[in-house]
Amino acid sequence: MAEEGETVDIDGSIMEGGGQILRICTALGCLLGKRLHVHQIRAGRSTPGLRPQHLSGLETVRDLCGGKLVKAEIGSTEIEFTPGKIKGGTLTADTKTAGSVCLLLQVSLPCVLFAESPSELILKGGTNAEMAPQIDYTTMVFKPIAERFNFKLDYDIKRRGYYPRGGGEIQVKVSPVKHLNPINLVDRGSVTKIYGRSFVAGVLPYRMAKDMASAAVRCIRRELRDLYINIQAVQEHKERAVANGSGIIIVAETSTGCIFAGSALGKKGVTSDQVGVEAAEILLRNLRHGGCVDEYLQDQLIIFMALADGISQIKTGPLTLHTQTAIHFVEQLSKAKFTVKKCEEVNTDCNIIECQGIGFRNMNQ
């Protein structure tokens with residue numbers, strides 16, 4: 001267990017005011033051996049308190065480190081968490097809803113990187129869910145960039161699950177590291193390729209996947225005329241997907257290895273063309289600001305920058321509320337120091353986020 005000391009008090013209602021505060025604080029509490037009291041959890045939301053996906057995230061971290069969790073139940077607006085020692089091994093976490101497996105990965109990944117032994121996580125829920133990164137985003141954008149911190153993230157998508165049924169499953173394998181290296185992402189370069197994946201599952205017709213892809217290509221062509229755009233249309237295999245779902249992700253890579261994406265999910269009352277255009281417009285918006293990461297990757301890198309051994313720099317577009325929230329709580333819980341400076345280049349709306357990491361060490365390695 002964590003050594004005797006003060007419990008850190010966390011107000012779960014400020015800034016982003018949602019599940020992200022829980023994910024960042026419990027992961028850091030687990031790593032740094034800090035007891036936490038989180039109150040006013042999701043206080044401003046239409047359904048305040050813990051939802052099933054938040055609870056399964058908390059229970060995953062508790063189980064990873066043999067810690068103690070008090071008052072953690074659906075609807076609870078406060079929890080107390082006392083961390084233990086991160087062992088590694090095999091663990092299953094199930095949201096039992098369409099709650100995102102990617103958010104379960106977000107809270108558990110920093111912990112298992114500093115475990116005693118390799119970890120295998122079986123994460124169940126939604127793989128392509130609203131209000132969370134799609135698993136394809138994790139695969140195509142988060143994984144290759146985050147691995148620059150000097151770790152390897154391996155996983156296998158066993159089954160895809162969509163809203164409202166969930167039922168998806170990914171199997172994650174992570175070996176522990178001694179420490180994380182800092183990263184430097186400040187040179188955007190020029191866009192060299194655009195590719196993507198447009199999918200339908202269940203009884204939805206393959207034509208929808210083709211329509212989403214075609215609409216996305218037409219939209220991007222208006223702004224980037226000379227690039228070949230390769231968006232694959234896919235009908236998910238029945239054994240590999242639960243129920244009906246559709247969506248698209250489009251990725252842009254640059255000459256310096258920056259990766260951006262725009263994605264959207266199909267929903268009732270929205271045409272396939274509209275879904276394709278929505279994803280394309282998100283991608284284009286993120287290519288315009290001149291930064292090196294898109295708006296969805298910004299906040300996901302903050303905890304790794306804080307733990308890394310040295311100074312990390314990333315060039316971003318406008319700071320999102322999620323990023324500001326991540327920096328606030330990381331600084332509250334650790335000795336990491338962040339500075340954000342506006343870029344001086346004309347016709348850009350970008351910032352440089354710099355972090356002096358704490359050089360966190362895995363004493364088991």
Side-chain angles (χ1 to χ4, degrees), residues 16 19-20 23-24 27 53 57 60 93 99-113 119 121 123 125-157 160 168 170-175 177 180-185 188 193-197 199 247-254 256-265 279 282-283 286-287 291-308 312-317 319-320 322-323 325-327 330 353 355:
E16 183 269 336
Q20 185 207 14
R23 288 189 294 277
I24 284 208
Q53 68 267 32
T60 304
S100 169
V101 295
C102 301
L103 296 182
L104 288 178
L105 179 62
Q106 218 175 76
V107 70
S108 51
L109 179 58
C111 304
V112 294
L113 285 173
S119 302
L121 307 175
L123 307 178
T127 56
N128 299 75
E130 286 285 8
M131 308 296 290
Q134 293 192 45
I135 190 64
D136 307 277
Y137 182 92
T138 303
T139 303
M140 296 159 96
V141 183
F142 172 78
K143 175 178 149 67
I145 299 294
E147 285 183 337
R148 296 180 193 184
F149 286 103
N150 184 37
F151 65 83
K152 193 97 182 72
L153 170 60
D154 282 321
Y155 59 86
D156 190 14
I157 304 167
R160 288 174 179 265
I170 64 168
Q171 188 176 12
V172 184
K173 291 182 177 173
V174 177
S175 290
V177 296
L180 297 178
N181 293 339
I183 65 166
N184 194 281
L185 281 175
R188 221 253 348 220
K193 56 180 170 180
I194 294 181
Y195 54 93
R197 185 178 196 277
F199 68 87
I248 182 170
I249 179 164
I250 316 155
V251 175
E253 284 187 24
T254 75
T256 53
C258 299
I259 311 173
F260 304 81
S263 64
L265 291 169
I282 292 170
L283 176 65
N286 280 286
L287 291 174
C292 294
V293 298
D294 64 36
E295 64 199 274
Y296 305 105
L297 190 62
Q298 278 182 28
D299 66 285
Q300 295 187 61
L301 300 179
I302 298 298
I303 191 167
F304 301 105
M305 292 169 75
L307 294 168
S312 292
Q313 284 190 326
I314 58 171
K315 188 181 189 181
T316 73
L319 249 60
T320 63
H322 270 94
T323 299
T325 304
I327 290 172
V330 164
I353 304 175
C355 174

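Keep in mind that what you see is a predicted model, and the values were worked out from it rather than measured.
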Once you round to the nearest 0.5 Å, how far does [atom1] of [X] lie from [atom2] of [Y]?
X      : Y      : atom1 : atom2 : value
Glu295 : His322 : CD    : NE2   : 11.0 Å
Arg148 : Asn181 : CZ    : CG    : 13.0 Å
Leu103 : Gln300 : CG    : CD    : 8.5 Å
Ile327 : Ile303 : CD1   : CD1   : 13.0 Å
Gln171 : Leu123 : CD    : CG    : 10.0 Å

Heavy atoms only: give me the nearest [X]-[Y] pair and the separation to one decimal.
X      : Y      : answer
Tyr155 : Thr139 : OH-OG1, 2.5 Å
Leu185 : Leu301 : CD1-CD1, 4.5 Å
Gln134 : Ala264 : NE2-O, 3.6 Å

Revision key, fill the gap. For Asp136, the side-chain hydrogen bond (donor to acceptor under 3.5 Å, both in side chains) test, sequence neighbours excluded, returns Asn128, Arg160
**Study point:** side-chain hydrogen bond (donor to acceptor under 3.5 Å, both in side chains) partners of Thr323, counting only residues at least two apart
**Key:** Gln298, Thr320
**Study point:** Leu287 and Phe260, any side-chain heavy atoms less than 4.5 Å apart
**Key:** yes
Review point. Do Gln53 and Val101 have side chains that get closer than 4.5 Å, going by heavy atoms?
Key: no
Point to revise | More than 12 heavy atoms of other groups within 6.0 Å of Lys173 NZ | key: no
**Study point:** Under 3.5 Å donor-acceptor, Thr325 side chain and Glu16 backbone
**Key:** yes
Check your understanding: Once the angle between the rings of Phe304 and Phe142 is folded into 0 to 90°, is it parallel (under 30°), tilted (30 to 60°) or perpendicular (over 60°)?
Key -> tilted
